[in-house]
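Take a look at the structure set out below.
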Protein chains: 4
Amino acid sequence: MKIKDDQKYDRLIQAAIALLATGGLANFSTTKVAKQAGIPQSNLYIYFKNKQALLDTVFQTTIHTQSVAVVAELDTAAPITIQLANSIKTLYRFSQEHPQIVATIQVLMADVQLKKHLHLKQDDHENQQIQTLLTDGLQAGILRSTDLNLIRYFLTRPVFNYAAGVQSGLYPDTAQGLTDLIQMIMGAILQPDVYQEWLS
Amino acid sequence: MKIKDDQKYDRLIQAAIALLATGGLANFSTTKVAKQAGIPQSNLYIYFKNKQALLDTVFQTTIHTQSVAVVAELDTAAPITIQLANSIKTLYRFSQEHPQIVATIQVLMADVQLKKHLHLKQDDHENQQIQTLLTDGLQAGILRSTDLNLIRYFLTRPVFNYAAGVQSGLYPDTAQGLTDLIQMIMGAILQPDVYQEWLS
Amino acid sequence: MKIKDDQKYDRLIQAAIALLATGGLANFSTTKVAKQAGIPQSNLYIYFKNKQALLDTVFQTTIHTQSVAVVAELDTAAPITIQLANSIKTLYRFSQEHPQIVATIQVLMADVQLKKHLHLKQDDHENQQIQTLLTDGLQAGILRSTDLNLIRYFLTRPVFNYAAGVQSGLYPDTAQGLTDLIQMIMGAILQPDVYQEWLS
Amino acid sequence: MKIKDDQKYDRLIQAAIALLATGGLANFSTTKVAKQAGIPQSNLYIYFKNKQALLDTVFQTTIHTQSVAVVAELDTAAPITIQLANSIKTLYRFSQEHPQIVATIQVLMADVQLKKHLHLKQDDHENQQIQTLLTDGLQAGILRSTDLNLIRYFLTRPVFNYAAGVQSGLYPDTAQGLTDLIQMIMGAILQPDVYQEWLS
DNA sequence: CATGAATGAGAATTCATTCAT
DNA sequence: CATGAATGAATTCTCATTCAT
């Protein structure tokens with residue numbers, strides 16, 4: 001229950017990520033997590049109220065890690081289109097470097113139960129910054145004037161999917177592939193005329 | 001082990017879909033499926049070799065159902081862009097009418113284990129037809145010249161996601177919403193100049 | 001879940017009684033019951049929905065067994081006072097012969113949780129007969145005109161307690177002891193004048 | 001291990017009583033007691049050697065509290081029959097005012113394990129006084145000449161049961177009910193002729 | 001074919017108790 | 001003294017699968 005002291009907390013989260021990435025939710029158990037973390041199973045309950053709390057934490061952590069990675073590379077002085085394209089690139093690089101985190105996010109996003117009682121804490125700094133970028137883009141007439149969640153969907157999930165596909169061999173690992181992906185996503189989210197302009 | 005006899009086979013698949021749609025893979029068990037189908041647990045093994053075989057079948061079935069629905073509405077005589085846009089519309093309507101099937105597809109698509117040993121049988125008629133449409137679009141310079149799997153991804157997953165979002169209240173249920181979605185997807189998959197043309 | 005086939009069901013109940021009688025509710029576990037019954041623990045769930053269902057059944061069974069024993073010896077032709085005194089004697093003998101059943105009843109009666117969701121099925125034949133005896137006694141002006149539950153309490157619990165006390169050595173095991181007990185109970189439940197008459 | 005220091009000791013006992021009264025022995029744990037008392041779990045072991053020691057203490061405490069309440073109202077100058085009747089009344093009032101204490105006593109009295117290694121310390125002042133009252137009554141030919149424990153049983157347990165029954169709605173909460181109860185108990189424990197006399 | 005029963009493995013939790021700080 | 005952390009045992013229950021009838 002207490003998060004206080006040590007690295008065991010982190011070990012558990014890392015173990016959970018590894019487990020979720022390779023086995024999915026169906027094969028996820030506190031027993032396995034604990035074993036992977038090299039910790040007696042019952043100790044897991046010192047750090048997390050229950051299995052669900054661990055999953056919640058893993059979800060928040062992975063999402064946050066990814067947000068941080070994207071935001072860190074953001075050049076807020078640059079034009080919005082540039083920022084958007086760069087954020088895709090950054091996210092792709094992140095996905096390549098941390099495939100387990102991305103796999104975990106995908107697995108958890110698909111969970112029906114998780115969705116029910118879990119609302120992403122939208123209040124962290126990094127998320128705010130991305131949200132700001134998008135609302136700015138919207139107001140500047142750069143982004144299509146549709147639901148922001150939908151735009152975010154296009155900005156992230158195809159990237160995750162592509163990165164996973166590259167890793168599994170479904171997609172070829174070429175520079176052109178990423179370029180294509182970016183153009184597709186931009187074509188989806190930008191206002192048509194802005195997209196034309198951005199292309200050149 | 002044989003599929004021969006009866007409607008219990010279908011009952012099991014329907015039960016599995018309902019279960020997966022509402023509880024996800026983690027809550028899926030042969031016990032529950034059998035109970036939901038009103039069939040003795042052990043009888044499940046008459047129709048399916050094991051749990052995994054049931055899941056495989058469910059995956060094939062749901063994917064196939066969806067393909068059939070899309071293809072059924074396809075007007076092969078129409079211009080490719082029209083066919084594409086219509087297929088999105090059809091798929092969206094299908095998702096609205098069969099939310100459980102779509103939820104099941106999403107859940108199973110996210111499963112890491114399933115991916116490993118499961119290759120979609122690409123040989124059914126409906127899939128061929130869609131594949132043909134896409135290769136035609138590619139060769140005609142209508143679609144972006146990138147991996148067909150990626151184009152298929154853009155053609156389906158955002159639709160599933162949007163439909164689910166509408167149902168959960170995340171997205172508003174307006175005609176404009178669907179129009180936006182179609183334009184986004186088309187913007188993603190069409191060659192830019194074709195897209196411009198299609199817009200008008 | 002199914003009670004159908006065999007003696008394992010009974011073995012489990014007997015094991016539960018033995019366990020409750022010697023260890024109380026706090027030491028009662030499905031693990032121990034199953035072990036005592038010589039059955040794999042998980043098999044317990046074939047016969048009982050869960051632990052509580054087993055306890056409920058044990059409660060009903062023990063209560064019923066005791067009712068049957070008392071009613072079996074009842075001479076419905078005899079005067080009511082005689083019947084009452086005899087039922088006490090019978091109950092005492094039963095308690096001596098089946099100390100575990102009585103101990104189990106006492107243990108379960110004291111359980112706070114059990115009380116909440118458990119209502120004795122008052123509809124069995126034997127219970128009806130006792131109830132009839134008491135209402136008859138009430139209408140004949142033989143029993144004190146107070147709540148029947150209270151009268152039943154006096155007719156049973158002191159007997160259980162006395163029998164247990166005799167067995168544990170708290171009370172001496174003499175014929176006089178039982179006579180005293182019967183007189184006390186009769187003094188409690190009979191109308192004073194009837195009691196006087198009965199005494200002689 | 002020492003009782004010395006503080007009110008936390010009492011808090012633990014009160015918490016234990018509350019827990020036993022509402023959940024019974026089966027749901028009793030040091031974890032819950034400590035939480036209810038607002039004390040770190042491990043601190044419980046500062047005040048009590050182990051779980052059993054806590055239960056023993058709770059038993060002694062509740063029994064003692066109840067004895068004190070009864071004795072406090074005792075008018076040793078009054079006739080023994082009056083004292084007995086009054087003690088029942090007092091005990092009933094106590095049971096109404098402290099239902100948790102009474103429930104705890106009942107729960108602990110039913111515990112098989114507790115009985116084994118627990119002998120009430122019969123040496124406290126209040127207990128002596130009650131014992132004196134009873135032996136006096138015995139020698140004066142007022143009480144039936146039977147085991148004193150049995151008489152004590154009749155003097156207390158029906159009262160507890162009745163009070164609990166009133167609270168749970170099993171018995172109606174009327175003045176007549178209490179009067180009936182007292183007459184029943186007196187009928188049980190008094191010599192028949194004394195009882196007759198007491199009635200008038 | 002159909003099915004109830006069986007079963008060992010694992011699942012999530014809770015617990016009583018100890019110990020180092 | 002006080003306390004958070006630790007831990008192994010135990011508990012309830014579910015599961016996937018097999019088998020005898």
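These numbers were taken from a predicted model, which means no experiment stands behind them. Labels below follow one simple rule: chain letters A, B, ... track the order of the sequence lines, proteins then strands, and each chain is numbered from 1.
- One can place CG of C/Leu44 at 9 Å from P of F/dT12, the figure rounded to the nearest angstrom.
- The distance between atom NZ of A/Lys35 and atom P of E/dA9, rounded to the nearest whole Å, is 13 Å.
- Regarding A/Phe48, its CZ atom lies at a distance of 18 Å from the P atom of F/dG4, rounded to whole Å.
- For the pair D/Asn43 CG and E/dT21 P, the interatomic distance rounds to 18 Å; values are reported in whole Å.
- A distance of 11.5 Å separates OG1 of B/Thr104 from CE of B/Met109, quoted to the nearest 0.5 Å.
- Between D/Lys32 and E/dC15 there is a side-chain polar atom (N or O) within less than 4.0 angstrom of OP1 or OP2.
- The closest side-chain heavy-atom distance from D/Gln66 to D/Phe160 is below 4.5 Å.
- Among the nucleotides F/dA2, F/dG8, E/dT3, the one closest to any side-chain atom of D/Tyr47 is F/dA2.
- Between the P atom of F/dT12 and the CG atom of C/Leu12 lies a distance of 13 Å, rounded to the nearest Å.
- A distance of 6.0 Å separates CG in A/Leu25 from CG in A/Leu55, rounded to the nearest 0.5 Å.
- In this structure B/Gln14 satisfies the side chain to side chain donor-acceptor pair (under 3.5 Å) test with no other residue, sequence neighbours excluded.
- Regarding contacts with the backbone of E/dA6, a side-chain N or O of C/Lys8 is found under 4.0 angstrom from either OP1 or OP2.
- Note on ring orientation: taking the six-membered ring where Trp is involved, the planes of A/Phe48 and A/Tyr9 are parallel (angle under 30°, cut-offs 30° and 60°).
- Here E/dA16 presents its C1' atom at 12 Å from CG of D/Leu54, a figure rounded to the nearest Å.
- Relative to the side chain of A/Ser29, the nucleotides F/dA2, E/dA11, E/dC1 differ in distance, and E/dA11 lies closest.
- B/Gln52 and B/Asp56 form a side-chain donor-acceptor contact under 3.5 Å, judged by distance and modelled atom types alone.
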Could you list all N or O pairs between the protein and nucleotides 17-19 of chain F that sit under 3.5 Å apart?
from: F/dT17; atom 1: OP2; to: B/Tyr45; atom 2: OH; distance (Å): 2.7
from: F/dT17; atom 1: OP2; to: B/Lys51; atom 2: N; distance (Å): 3.1

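- The main-chain N or O of B/Asn27 is found under 3.5 Å from a side-chain atom of B/Lys32 such that the two form a donor-acceptor pair.
- Remark: C1' of F/dC15 and CG of A/Asn27 are 13 Å apart, rounded to the nearest angstrom.
- The residue C/Thr31 sits close to a base: some heavy atom pair falls under 4.0 Å.
- E/dA20: Watson-Crick or G-U partner is F/dT3, with both key distances under 3.5 Å.
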